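The block underneath contains the structure these notes are about, expressed in structure tokens.
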Amino acid sequence: MNEINDSIIKSIEILLEEKLKSHNKTQVFQSVIYKANDDNTYQIIKEKQPYNVKNGLGTELKVGQGVWVMIPNGELRNMFIFGVR
């Protein structure tokens, strides 16, 4: 019985370790501007989910324009546009 429990615990530890590795990393991805908001943010789509993000470029962007977006340390609330593609 202990062998089964140890095996289950080890499997859970491996899964958690892998999840934490991917969660805390800075992510960069391509997206498109879908909407310019009144509060100087832009709406982009990531994995079929809309997000309103800040523009780190300091230049005006247009709807339909391709952009590069960064999520520092895996924190979605800090997501921002950092490049035009």
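None of the values given here were measured: they were computed from a predicted structure. What you see below is based on every heavy atom in this structure, not just the backbone, and it leaves out hydrogens, waters and symmetry mates.
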* To do: Look up atom CD1 in Ile44 and atom CD1 in Ile81, then write down how far apart they are to the nearest 0.5 Å.
  => 7.0 Å
* For Pro72 against Phe80, the heavy-atom pair lying closest together -> CG-CE2, 3.9 Å
* Atom CG of Asn40 with >12 non-hydrogen neighbours under 6.0 angstrom -> no
* Asked: Any donor-acceptor pair under 3.5 Å linking the side chain of Tyr42 with the backbone of Lys35?
  -> no
* Do you reckon Leu76 sits in the same ILVMFWY cluster as Tyr34, going by side-chain contacts under 4.5 Å, direct or chained? -> no
* Asked: Could Lys46 and Phe29 be counted as a cation-pi pair, given that NZ or CZ must be under 6.0 Å from the ring centre and within 45° of the axis?
  -> yes
* **Nearest heavy-atom neighbours spanning Met79 and Val69** => CG-CG1, 3.3 Å
* Counting only N and O atoms by type, is there a donor-acceptor contact under 3.5 Å from the side chain of Ser31 to the main-chain atoms of Val67? -> no
* Asked: Between Asn55 and Leu57, is there a donor-acceptor pair closer than 3.5 Å when you use the side chain of the first and the backbone of the second?
  -> yes
* Asked: Taking the side chain from Ser7 and the backbone from Glu3, do they hold a donor-acceptor pair closer than 3.5 Å?
  -> no
* To do: Apply the test side-chain contact (heavy atoms from CB on, under 4.5 Å) to residues Ile71 and Arg77: give CA-CA distance (whole Å), side-chain angles for both, the deciding distance (0.1 Å), then the verdict.
  => CA-CA 8 Å; Ile71 305 173; Arg77 69 179 179 274; over 6 Å; no
* Structure fact -> Rounded to the nearest 0.5 Å, the CD atom of Gln27 sits from the CE atom of Met70 at a distance of 11.0 Å
* Flag the pair Gln65 / Val32 as yes when at least one side-chain heavy-atom distance between them is below 4.5 Å, and no otherwise. => no
* Structure fact -> Taking every heavy atom of Glu75 against every heavy atom of Asn78, the minimum-distance pair comes out as OE1-ND2, 2.8 Å
* Got Val53 and Thr41 here, is their nearest side-chain heavy-atom distance under 4.5 Å? -> no
* Asked: Should we say atom CD of Glu60 is surrounded by more than 12 heavy atoms from elsewhere, each under 6.0 Å from it?
  -> no
* Asked: More than 12 foreign heavy atoms under 6.0 Å from CG of Asp39: is that the case here?
  -> yes
* Asked: Can you tell me if Asn5 uses its side chain to pair, donor with acceptor, with the backbone of Ile9 under 3.5 Å?
  -> no
* To do: Return the minimal non-hydrogen interatomic distance between Gln43 and Asn52, and the atom names on each side.
  => CB-OD1, 3.5 Å
